[in-house]
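I am attaching a structure below and will ask some questions about it afterwards.
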Amino acid sequence: MTTIASPTEAFVRLDATAAQPSPPRRRRSLAHVFLGDLLSVFVTVATGAMLIAIVPKLLSWAVVNGVWQGDGSACQDAGACWAFLREKYRFILFGIYPPGEQWRPACVVLIFFGLVLWSLPPTHWTRKTLVLWLAGLTAAIILMAGGVLGLSEVPTSSWGGLPITILLTVISLGAAFPLAVALALGRQSSLKGIHLMSVGIIEVIRGLPLLSLLFIASVVLPIMLPDGMTIDKFVRALVALTIFSAAYIAEVLRGGLQALPPGQREAAQSLGLGWLATTRLIILPQAIRKVIPPLTNTVIVMVKNTSLVLVVGLFDLLSSGRAAATDPAWPAPYKETYLFVAVIYFLICFAISRYSRWLEQRVAIEARS
């Protein structure tokens, strides 16, 4: 008589499966990368021809005929005037800040550099790090402004260069993020009044160029204030940058919130979690993980947008470089100045993008594990 196997006997395998070798990793040679097809051959040849035409002239201008020492007269009818950068780098980096006190903005840059390095590992994303950032920001403002602890007072009209760029970027993004979260949640709200107000704020701000907001903060706002009342130009620029970045970050976060399935909120409600706990512990962390690339793009854009604060009378890094290049004692070294400023901007933005890429890969690995 034939016996029929039970479902357990028929479908459950009891013996271990032998380990299989991983598939070989496909590697492409450099010849295949550069000369793989007709398009690759064309791009390779065009790139090589462009490099052959550009690199010798660039080396001749920057190295062979470059002037490394001397004054403005030494740069006449010569190549790159690197001597100008040796003479003016402090003015480009720190603007018209009093020369004898420029150790203070240098310390501010070092403070933020140290805070960024400390904050890179996700294991350091704790309340302690938040306290460190608040303490570092307070120390930076005290160092820049002075007036206490025996430091001479320096008005914001004398601030400039790299510290202004860093302060405006960090403070505006830090203040904009909670506002952006509120706007994104408000736009998703089922309450009609909150929804319409959030949509109106976001669409109006995103429909205006940042330059117009800075113009309003510089020209229109002082007219609207009562007689005798003024607002510091640094604060005016900071408010404009904060509102602008909040509107864009809110739309980025809204995309992350819409990408989450409704089952996440329903599962939290079934566990008895309220709206605030569900949003703070479950919804927002997942939404932020999904929008790391566009958030990084917004941060990079805001770093470069600080170059527009000249409208309110602040000399950021780019404005300081432009002002330094107008010195009549030097033969208009604009190329060297803008190259120096571009390298600083590139290093900042490239570091942000690479860290974002690393963070994105880490999140993807954690999601698969």
Side-chain angles (χ1 to χ4, degrees), residues 6-8 10-14 16-17 20 22-23 119-130 133 173-207 242-302 352-369:
S6 65
T8 302
F11 299 104
V12 176
R13 187 168 186 168
L14 300 178
T17 303
Q20 299 293 325
S22 60
S119 305
L120 292 181
T123 54
H124 289 175
W125 296 353
T126 60
R127 293 182 180 179
K128 178 182 177 181
T129 300
L130 178 60
W133 271 98
L173 289 174
F177 194 82
L179 180 58
V181 171
L183 289 173
L185 294 175
R187 187 158 190 169
Q188 297 289 100
S189 176
S190 58
L191 299 176
K192 203 66 175 177
I194 296 178
H195 172 77
L196 292 176
M197 183 177 65
S198 300
V199 171
I201 293 174
I202 292 173
E203 295 303 329
V204 168
I205 299 302
R206 291 176 70 236
T242 300
I243 296 174
F244 185 81
S245 57
Y248 279 85
I249 295 175
E251 283 298 278
V252 172
L253 293 177
R254 184 172 68 92
L257 293 173
Q258 289 181 336
L260 292 179
Q264 296 288 324
R265 189 176 294 277
E266 294 170 358
Q269 292 174 350
S270 67
L271 295 174
L273 294 178
W275 179 87
L276 182 60
T278 301
T279 303
R280 183 173 63 89
L281 300 176
I282 297 176
I283 302 300
L284 277 180
Q286 295 185 76
I288 293 173
R289 289 191 186 99
K290 290 181 178 294
V291 295
I292 290 176
L295 275 179
T296 304
N297 182 65
T298 304
V299 172
I300 292 175
V301 168
M302 290 308 301
I352 294 173
S353 65
R354 294 309 302 170
Y355 175 70
S356 169
R357 180 61 179 165
W358 173 82
L359 192 61
E360 187 180 355
Q361 292 175 347
R362 178 187 174 95
V363 170
I365 293 173
E366 290 177 352
R368 291 195 299 264
S369 61

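Remember, predicted model here, so these are calculated numbers, not experimental data.
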remark   = Looking only at heavy atoms, the pair that brings Leu260 and Ile283 closest together is CD1-O, 3.3 Å
request  = Might you confirm whether atom CZ of Arg206 has over 12 heavy atoms from other residues, nucleotides or ligands at distances under 6.0 Å?
outcome  = yes
ask   = Given Ile249 and Leu173, is the side-chain contact (heavy atoms from CB on, under 4.5 Å) satisfied, shown in steps?
value = CA-CA 9 Å; Ile249 295 175; Leu173 289 174; 4.1 Å; yes
query = Looking at Ala268 and Ile282, what are the two nearest heavy atoms and their distance?
reply = CB-CD1, 3.5 Å
request  = Just do the side-chain contact (heavy atoms from CB on, under 4.5 Å) check on Arg289 and Glu360 with the steps written out, would you?
outcome  = CA-CA 8 Å; Arg289 289 191 186 99; Glu360 187 180 355; over 6 Å; no
task = Take Leu295 and Tyr248, measure what side-chain contact (heavy atoms from CB on, under 4.5 Å) needs, and give me the verdict at the end.
result = CA-CA 9 Å; Leu295 275 179; Tyr248 279 85; over 6 Å; no
task = Please report the shortest heavy-atom distance between Ala267 and Ser270, naming the atom on each side.
result = O-OG, 2.5 Å
ask   = When you measure from the side chain of Ser245 to the backbone N and O of Thr242, does any donor-acceptor pair fall under 3.5 Å?
value = yes
inquiry  = One thing to verify: whether Arg187 and Glu203 come together as a salt bridge, which I'm taking to mean a side-chain N less than 4.0 angstrom from a carboxylate O.
reply    = yes
request  = Run the numbers on Ser119 and His124 for side-chain contact (heavy atoms from CB on, under 4.5 Å), then give the verdict.
outcome  = CA-CA 6 Å; Ser119 305; His124 289 175; 5.8 Å; no
request  = Nearest 0.5 Å please: distance from the CD1 atom of Ile292 over to the CZ atom of Arg362.
outcome  = 10.5 Å
query = Taking C-beta and beyond as the side chain, do Thr278 and Leu271 meet within less than 4.5 Å on heavy atoms?
reply = no
inquiry  = Once rounded to the nearest 0.5 Å, what's the spacing between atom CD of Gln286 and atom CG of Leu281?
reply    = 11.0 Å
note = Note: Leu257 and Leu284 closest approach over all heavy atoms is CD2-CD2, 4.4 Å
ask   = Between Trp275 and Arg265, is any pair of side-chain heavy atoms under 4.5 Å apart?
value = yes
request  = To the nearest 0.5 Å, tell me how far Leu130 CG sits from Thr126 OG1.
outcome  = 9.0 Å
ask   = What are the two closest non-hydrogen atoms of Ala184 and Leu253, and how far apart are they?
value = CB-CB, 3.9 Å
ask   = Are the side chain of Thr298 and the backbone of Pro294 linked by a donor-acceptor contact shorter than 3.5 Å?
value = yes
ask   = Nearest 0.5 Å, what's the CZ-CD1 distance between Arg254 and Ile202?
value = 7.0 Å
ask   = Can you name the one residue among Ile205, Val199, Ile201 that meets side-chain contact (heavy atoms from CB on, under 4.5 Å) with Leu183?
value = Ile201
ask   = How long is the span from the CD1 atom in Ile300 to the OG atom in Ser356, to the nearest 0.5 Å?
value = 7.5 Å
key: Rounded distance (nearest 0.5 Å) linking atom CG of Asn297 with atom CE of Met302   = 12.0 Å
query = Tyr355 and Leu120: which non-hydrogen atoms are nearest, and at how many Å?
reply = OH-O, 2.7 Å
4.5 Å side-chain heavy-atom contact, Ser190 and His195 = no
